[in-house]
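This report concerns only the one structure given below.
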Amino acid sequence: MEVEKEGEIDRLPIDLLAHIFTLITCFKDLAQASSVSRKWRQGVKESLARRDKLSFSGWKMDDDSTTRVVCLAFSLKELDISRSRWGCQITDQGLYQLATAKCISNLSSISLWGSTGITDRGVIQLISRATSLQHLNIGGTFITDTSLFAVADSCQELKTIVLWGCRHVTEEGLVVLVNKCRKLESINVWGLRVPLDCFVGLLTISPALQIRPKGMVNVERVSMWPVF
């Protein structure tokens, strides 16, 4: 009877299993499914390899569990490891581990929103490999200009960045970022401790830049800033 049951469980082809598992968003359920049989484990792996988006926001994930999933997602384009009240709690060690995943260099979007357990060290390690990045959210973290310098050096395709509440960022980091990331279209600077003239200066460097939230800057005011 035990052999017959196992045969019934494994009757579905791998491709169909993988498609079914792509519809499951709960990582706990995927982990349980992968323990059913060897074939189901393979189906879970293939389902992760097909995904172009992963969000851990709201899920209780740590460095190791997050890394295991991301390393299987070979086609990944968008990665959200934002922290919610009970959710993902990534640290610098996790960012170091994630930086080794094959998909990182192909990511177009990363969100580290609210990840208070990370520092410049981890961000730099991850960003240095995310060379295709177009959208970055590091709002609500304690990063400094050092992270912005790394973004400016590595992410030439960057279009949007959220720095909401990053109170250790200064005008120096913003100027370097806007000077080097010439494709940057939008920057969210709510809560930054920098003078208003800094934002006016950023528009001098890049007149088409959208500084959010709207209404922060009087574009009629112009001051000269270094462009290099």
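Positions are given from 1 along the sequence.
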Between Val70 and Phe74, is there shared hydrophobic-cluster membership here, with clusters defined by ILVMFWY side-chain heavy atoms closer than 4.5 Å?
no
Less than 3.5 Å apart, any donor N or O on the side chain of Asp62 or Ser65 sitting next to an acceptor on the other?
yes
Does Asp153 reach the side chain of Lys180, with side-chain heavy atoms less than 4.5 Å apart?
yes
Kindly compute the distance separating NZ (Lys53) from CZ (Arg51), expressed to the nearest 0.5 Å.
12.5 Å
Value for CG (Asp92) from CD1 (Ile118), rounded to nearest 0.5 Å, stands at 7.0 Å
Is the shortest side-chain heavy-atom distance between Val189 and Trp164 below 4.5 Å?
no
Would a 4.5 Å heavy-atom cut-off, applied to side chains only, mark Arg129 and Ile104 as touching?
yes
Just wondering, do Thr160 and Gln134 contact through their side chains at under 4.5 Å, heavy atoms?
no
Given side chain to side chain contact (heavy atoms under 4.5 Å, CB included), test Val69 with Met61 step by step and report yes or no.
CA-CA 10 Å; Val69 174; Met61 305 286 284; 4.3 Å; yes
Arg121 atom CZ: more than 12 heavy-atom contacts under 6.0 Å:
no
Any residue meeting ring pair (Phe, Tyr, Trp, His ring centres under 6.0 Å) with Phe21, in chain and number order, not counting sequence neighbours:
Trp40
For a side chain to side chain contact (heavy atoms under 4.5 Å, CB included) check, start with the C-alpha distance between Leu17 and Lys39, then their side-chain angles and the critical distance, and finish with the verdict.
CA-CA 9 Å; Leu17 276 173; Lys39 190 172 184 180; 4.0 Å; yes
Please report the closest heavy-atom contact between Cys181 and Ala152, naming both atoms and the distance.
SG-CA, 3.8 Å
Check for me, please, whether Ile124 and Trp113 land in the same ILVMFWY cluster - side-chain distances under 4.5 Å, paths through other members count.
no
Spatial distance of atom CG (Leu79) from atom CG (Leu54) [nearest 0.5 Å]
6.5 Å
Measuring from atom CG of Leu174 to atom CG of Leu192, what distance do you get when rounded to the nearest 0.5 angstrom?
6.0 Å
Exceeds 12 heavy-atom contacts within 6.0 angstrom, atom NE2 of His135:
yes
Could you tell me whether the side chain of Val44 reaches within less than 4.5 Å of the side chain of Ile24, counting heavy atoms only?
no
What heavy-atom pair brings Ser108 and Glu78 nearest, and what distance separates the two atoms?
OG-CG, 4.2 Å
Give every residue pair that meets the side-chain hydrogen bond (donor to acceptor under 3.5 Å, both in side chains) criterion with at least one member in residues 136-150, sequence neighbours excluded.
Asp120-Thr144, Asp120-Ser147, Thr144-Thr146, Asp145-Thr170
Specify the closest pair of heavy atoms between Ser105 and Thr131, including all atoms of both residues, with the distance to one decimal.
O-OG1, 4.0 Å
With a 4.5 Å cut-off on side-chain heavy atoms, are Leu112 and Ile110 touching?
yes
Verdict with supporting geometry, Ile127 and Cys155, side chain to side chain contact (heavy atoms under 4.5 Å, CB included):
CA-CA 8 Å; Ile127 291 301; Cys155 306; 3.6 Å; yes
List the steps, then state whether side chain to side chain contact (heavy atoms under 4.5 Å, CB included) holds for Lys183 with Glu157.
CA-CA 6 Å; Lys183 295 184 179 180; Glu157 302 300 316; 2.7 Å; yes
So that I can tick it off, tell me whether Asp15 and Arg50 are bridged by a salt bridge, with the cut-off set at under 4.0 angstrom between side-chain N and carboxylate O.
yes
Joint cluster assignment, Val162 & Trp190, ILVMFWY side-chain distance < 4.5 Å
yes
Does Ser128 use its side chain to pair, donor to acceptor, with the backbone of Gln125 at less than 3.5 Å?
yes
Only one of Leu184, Val178, Leu133 clears side chain to side chain contact (heavy atoms under 4.5 Å, CB included) with Ile161; which?
Leu184
What pair of heavy atoms forms the shortest contact from Ala18 to Glu46, and how long is it?
CB-CB, 3.9 Å
Mind checking whether Leu196 and Leu203 sit in one hydrophobic cluster, side chains of I, L, V, M, F, W, Y counted as touching below 4.5 Å?
yes
Give a yes or no on whether Val194 and Phe142 share a hydrophobic cluster (residues Ile, Leu, Val, Met, Phe, Trp, Tyr; joining criterion: side-chain heavy atoms under 4.5 Å apart).
no
Are the side chain of Thr100 and the backbone N or O of Tyr96 linked by a donor-acceptor pair below 3.5 Å?
no
Between Leu148 and Leu177, what is the shortest heavy-atom contact and its length?
O-CD1, 4.2 Å
Evaluate the side-chain proximity of Leu48 to Leu30: yes if any heavy-atom separation is below 4.5 Å, no if none is.
yes
Does a side-chain heavy-atom distance below 4.5 Å link Ile205 with Arg182?
yes
Rounding to 0.5 Å, atoms OG (Ser206) and CG (Asn179) come to a distance of 9.5 Å
Any luck finding a side-chain donor-acceptor pair between Arg41 and Ser35 under 3.5 Å?
no
Straight-line distance of Gln97 CD to Asp63 CG, nearest 0.5 Å:
5.5 Å
So, for Gly140 and Cys166, which heavy atoms are closest and what is the spacing to 0.1 Å?
N-SG, 4.2 Å
